Student: 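Let me begin by handing over the structure; questions about it come next.
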Amino acid sequence: MTRSLAITLNALGLYAIALVLLVAFGAQLILQELPCPLCLLQRIQFAMLAVGPILNIRFGPRPSHYAVSLLTAAAGAAFASRQVLLHIMPGDAGYGSALLGYHYYTWAFIGFVVAVVALAVMLLFDAQFKEGDKAQATGGFARAAVWLVLALTALNVISTLLECGFAACPDNPVTYELLKRAS
Amino acid sequence: MEFTILFLAVAVVMAAAWWGTRTFALALFAVTLLASIATYLHHASDVLKLSF
């Protein structure tokens, strides 16, 4: 795998992360389902997955950049598995609505496991690391991907501030705390 | 509030990875990952309202 192909795949990874963050926003805004604290923590881990690809695009692919995303995916899978286990008893309706038969935290667990596998597969290709530390000329496709995840993360800052306000986030949030205080 | 700060920290890590130095971005990443794990462990010790 060449360095430029690896960078293109990293940019595609950023678009995949952006899609996950957009779907989460869609559920929040269209279905009016506010994310619980554990759900927010999983969303944060999805956003953190983007740090590795951003470093790869900016400085060129390095194993340590993939390790950054691997550590994040492992933490995210642990957080998601806890939420899956909290609702595993038969008869438990789970938290929030289901998408294609699975709740969001189950999809999150699957997503983090897929990320671990994808990152391991990327690490198999040594040729991408052999071209030294040459300055990286980034194309518009990769730059747009970076800006997209940055913008979605910034929107999450605003959304979480509106949802939780300046206090601890409620376990089962139903209204935006900051908007409730303002009205 | 802690989740807002974590999201903000992630945005800062991304900005550091894109505009800053590699070492600074990696250091910020480590701090943010540890903070998110600490937040998880803090909430993991909450009393659970289980359905069984």
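Predicted model only: the values in this text are computed from it and were never measured. FYI, side chains are in, hydrogens and waters are out, and symmetry mates aren't considered; it's all heavy atoms of this structure.
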Student: Do A:Leu40 and B:Phe7 have side-chain heavy atoms sitting under 4.5 Å apart?
Tutor: yes
Student: I'd like to know which of A:Cys164, A:Pro37, A:Ser64, A:Ala50 tops the heavy-atom pair count under 4.5 Å against chain B.
Tutor: A:Pro37
Student: Given a strict heavy-atom distance threshold of 4.5 Å, which part of A:Ile158 is in contact with chain B: side chain, backbone, both, or neither?
Tutor: neither
Student: For B:Tyr40 and A:Ala78, which heavy atoms make the closest approach, and how far apart are they?
Tutor: OH-O, 4.3 Å
Student: Please name the pair of heavy atoms, one in B:Met14 and one in A:Val149, separated by the smallest distance, quoted to 0.1 Å.
Tutor: SD-O, 4.1 Å
Student: For the NE2 atom of B:His43 and the SG atom of A:Cys169, what is their distance to the nearest 0.5 Å?
Tutor: 8.0 Å
Student: Which atoms of B:Ala11 are under 4.5 Å from chain A, going by heavy atoms: the side chain, the backbone, both sets, or neither?
Tutor: both
Student: If you group Ile, Leu, Val, Met, Phe, Trp and Tyr by side-chain heavy-atom gaps below 4.5 Å, do B:Val12 and A:Trp147 land in one group?
Tutor: yes
Student: Are A:Leu150 and A:Leu14 grouped together when hydrophobic residues (ILVMFWY) are joined by side-chain heavy atoms under 4.5 angstrom apart?
Tutor: yes
Student: Which residue pairs satisfy the side chain to side chain donor-acceptor pair (under 3.5 Å) criterion with at least one member in residues 157-170 of chain A, sequence neighbours excluded?
Tutor: A:Gln28-A:Ser159
Student: Hey, which of B:Leu6, B:Thr4, B:Val10 is the one that makes side chain to side chain contact (heavy atoms under 4.5 Å, CB included) with A:Val157?
Tutor: B:Thr4
Student: Examine whether an atom of A:Ala167 lies under 4.5 Å from a heavy atom of chain B, and if so say whether it belongs to the side chain, the backbone or both; otherwise answer neither.
Tutor: backbone
Student: Is there a side-chain contact between A:Met48 and B:Leu33 (heavy atoms, below 4.5 Å)?
Tutor: yes
Student: Give the C-alpha distance, both sets of side-chain angles, the deciding distance and a yes or no for side-chain contact (heavy atoms from CB on, under 4.5 Å) between B:Leu26 and A:Leu55.
Tutor: CA-CA 9 Å; B:Leu26 288 174; A:Leu55 286 168; 3.8 Å; yes
Student: Checking heavy atoms, do the side chain of B:Ile5, its backbone, both or neither come under 4.5 Å from chain A?
Tutor: neither
Student: Under 4.5 Å between any side-chain heavy atoms of A:His65 and B:Arg22, yes or no?
Tutor: yes
Student: Top residue by heavy-atom pair count (under 4.5 Å) with chain A, among B:Ala9, B:Gly20, B:Ala16?
Tutor: B:Gly20
Student: Given a strict heavy-atom distance threshold of 4.5 Å, which part of A:Val68 is in contact with chain B: side chain, backbone, both, or neither?
Tutor: both
Student: Can you see which heavy atom on B:Ala17 is nearest to which on A:Phe59, and at what distance?
Tutor: O-CE1, 3.6 Å
Student: Under 4.5 Å between side-chain heavy atoms, hopping through other hydrophobics if needed: is there a path connecting A:Ile110 to A:Val84?
Tutor: no
Student: If hydrophobic clusters are built by linking Ile, Leu, Val, Met, Phe, Trp and Tyr wherever their side-chain heavy atoms come under 4.5 Å apart, do A:Tyr102 and A:Phe46 end up in the same one?
Tutor: no
Student: Same cluster or not: A:Val23 versus A:Val113, using hydrophobic residues (I, L, V, M, F, W, Y) connected whenever any side-chain heavy atoms lie under 4.5 Å apart?
Tutor: no
Student: How far does CZ of B:Phe29 sit from CD1 of A:Ile54, to the nearest 0.5 angstrom?
Tutor: 11.5 Å
Student: For a 4.5 angstrom cut-off between non-hydrogen side-chain atoms, does A:Ile44 reach B:Thr32?
Tutor: no
Student: Tell me which of these, A:Leu38, A:Leu41, A:Leu71, has more heavy-atom pairs under 4.5 Å with chain B than the rest.
Tutor: A:Leu41
Student: Shortest non-hydrogen contact from B:Ser36 to A:Gln45?
Tutor: OG-NE2, 3.1 Å
Student: With sequence neighbours left out, write down each residue that passes salt bridge (charged side-chain N to carboxylate O under 4.0 Å, His left out) with A:Glu177, or none if nothing qualifies.
Tutor: A:Lys180
Student: Atom CD1 of residue position A:Ile30 - does it have more than 12 heavy atoms of other residues, nucleotides or ligands inside 6.0 Å?
Tutor: no
Student: Rounded at 0.5 Å granularity, tell me how far CD1 in A:Ile57 sits from CH2 in B:Trp18.
Tutor: 6.0 Å
